[in-house]
Amino acid sequence: MTEDNHSSANEPESMRSGESEPTDRIHESPLTTSIGRSRRPTVSARRAWRPARTAGILVAAVAMMATVALPAYGAFQSAEREATTDAAPRTLQQEAAEGAQTFLSASDVADASVERASYTATTRTEIDKKKAEEAAVARAKAAAEASAAAAANKNNDSDSGGGGGYDIDLSMTAPGSGEVRWPLPGGYTLGDGFRSRGGSHEGVDMLIAGGTPIYAAHAGTVTVSSEGYYGFGVAVVIEGTVGGQNVETCYAHMTHGTRVVSQGQQVAAGQIIGLVGSTGNSTANHLHFELAVNGSKVDGYAWLQQNAG
């Protein structure tokens, strides 16, 4: 047949002779034959690239494992840190933050139950109420103190016009001379003496009619002039120096409104200071005369007998 002969004539010489084409050659197209032969990589070249390809696969696998393992490791580390933090000592503030109504003590005192009735305000309303009550008490106390101070200042003011309506001759002086004078003009009767009443009476009582003038037994400074001096009632206290010794005399139970000297005033021996009365802890008109020499209480009447001129 004609076509078969044509095909046999076009077969390569190697095929006609029964020889096979080498395996490492590629089939050629008419285009590649006319332009230039292009060859595929040989078997030896492909084998040379296999280690590089294997290494790339391993790197990719390791990267994938790291992508999965790192987050898991981070979560594990966080859990471990939390466990470590819980095990570490905690401050009182940390503990209190979890239970604001829990009292924590840093001492070794044993736990004890606390009843609601054993402690005071815990709510803001209770605290404000208690503060308001305390402020009210403080205001009342301050007002009372101010009132008492005003009354004391009023009582301490001397009445140089004769003592609250009493006609007192301020020019009157005690009889005698010298730096010590008798506090009364005379005509008195001695009552309870020094250290009487079981030793509690530290002065001498000189009984005389109410309104009798009372004189300063010595010169000095008026340290007290009050309408209400403890149990002494209306009283005056004078401090001075006699014979080089510190002397303090008290004149008690005067008639209200008869003081004619004020606190801080300088007086002379024998100067009138008020009138006899029965104020304070007293049951009859008399002068309670009390004396301290260099800070120690002494018998005032004996001192007068020894020193008054």
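Computed from heavy atoms alone, side chains included, the values below leave out hydrogens, waters and symmetry copies. Residue indices begin at 1 and follow the sequence shown.
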Between NE2 of His288 and NE2 of His201, what distance do you get to the nearest 0.5 Å?
-> 4.5 Å

Check against side chain to side chain contact (heavy atoms under 4.5 Å, CB included), Ile214 and Val276 | CA-CA 7 Å; Ile214 301 173; Val276 172; 3.7 Å; yes

Strictly by modelled atom types, are Thr279 and His256 linked by a side-chain donor-acceptor pair under 3.5 Å?
-> no

Which atom of Ala235 lies closest to which atom of Ala252, heavy atoms considered | CB-CA, 4.1 Å

Heavy-atom pair of closest approach, residues Ala269 and Gly178 | CB-O, 4.2 Å

In Å, rounded to the nearest 0.5 Å, how long is the span from CG of Leu287 to OG of Ser278?
-> 12.0 Å

Heavy atoms of Gly193 and Ser196 approach each other most closely as O-OG, 2.7 Å

Check whether any side-chain heavy atom of Val222 lies under 4.5 Å from a side-chain heavy atom of Ile273, and answer yes or no.
-> no

Nearest 0.5 Å, what's the CD1-NE2 distance between Ile238 and His218?
-> 6.0 Å

Pairs touching residues 180-194 that satisfy salt bridge (charged side-chain N to carboxylate O under 4.0 Å, His left out), sequence neighbours left out = Asp192-Arg197

Please identify each residue that fulfils side chain to side chain donor-acceptor pair (under 3.5 Å) with Tyr215, with sequence neighbours left out.
-> none

Heavy-atom closest pair (Ser225 atom, Val236 atom, distance to 0.1 Å) is OG-CG2, 4.2 Å

Ignoring hydrogens and angles, write down the donor-acceptor pairs under 3.5 Å from the side chains of residues 298-308, residues two or more places apart or on other chains.
{"residue": "Asp299", "atom": "OD1", "partner": "Tyr301", "partner atom": "N", "Å": "3.1"}
{"residue": "Asp299", "atom": "OD1", "partner": "Ala302", "partner atom": "N", "Å": "3.4"}
{"residue": "Asn307", "atom": "ND2", "partner": "Trp303", "partner atom": "O", "Å": "2.9"}

Does any N or O in the side chain of Asn294 come within less than 3.5 Å of the main-chain N or O of Asn246, such that one atom is a donor and the other an acceptor?
-> yes

Can you measure from CD (Glu227) to CE (Met254) and round to the nearest 0.5 angstrom?
-> 10.0 Å

Check whether any side-chain heavy atom of Phe194 sits under 4.5 Å from a side-chain heavy atom of Leu291, and report yes or no.
-> no

Backbone N or O of Thr223 within a donor-acceptor pair of the Thr221 side chain at under 3.5 Å?
-> no

With the side chain counted from C-beta on, respond yes when His286 and Met206 share a heavy-atom pair under 4.5 Å apart, and no when they do not.
-> no

Can you name the one residue among Val204, Asp205, Leu207 that meets side-chain contact (heavy atoms from CB on, under 4.5 Å) with Leu190?
-> Val204

Side-chain contact, heavy-atom cut-off 4.5 Å: Tyr229 with Val237?
-> yes

Starting from the C-alpha separation in whole Å, work towards a yes-or-no answer on side chain to side chain contact (heavy atoms under 4.5 Å, CB included) for Phe289 and Leu184.
-> CA-CA 10 Å; Phe289 180 76; Leu184 293 177; over 6 Å; no

Provide the closest heavy-atom pair for Glu202 versus Lys297 in the form atom of the first, atom of the second, distance.
-> OE1-NZ, 2.8 Å

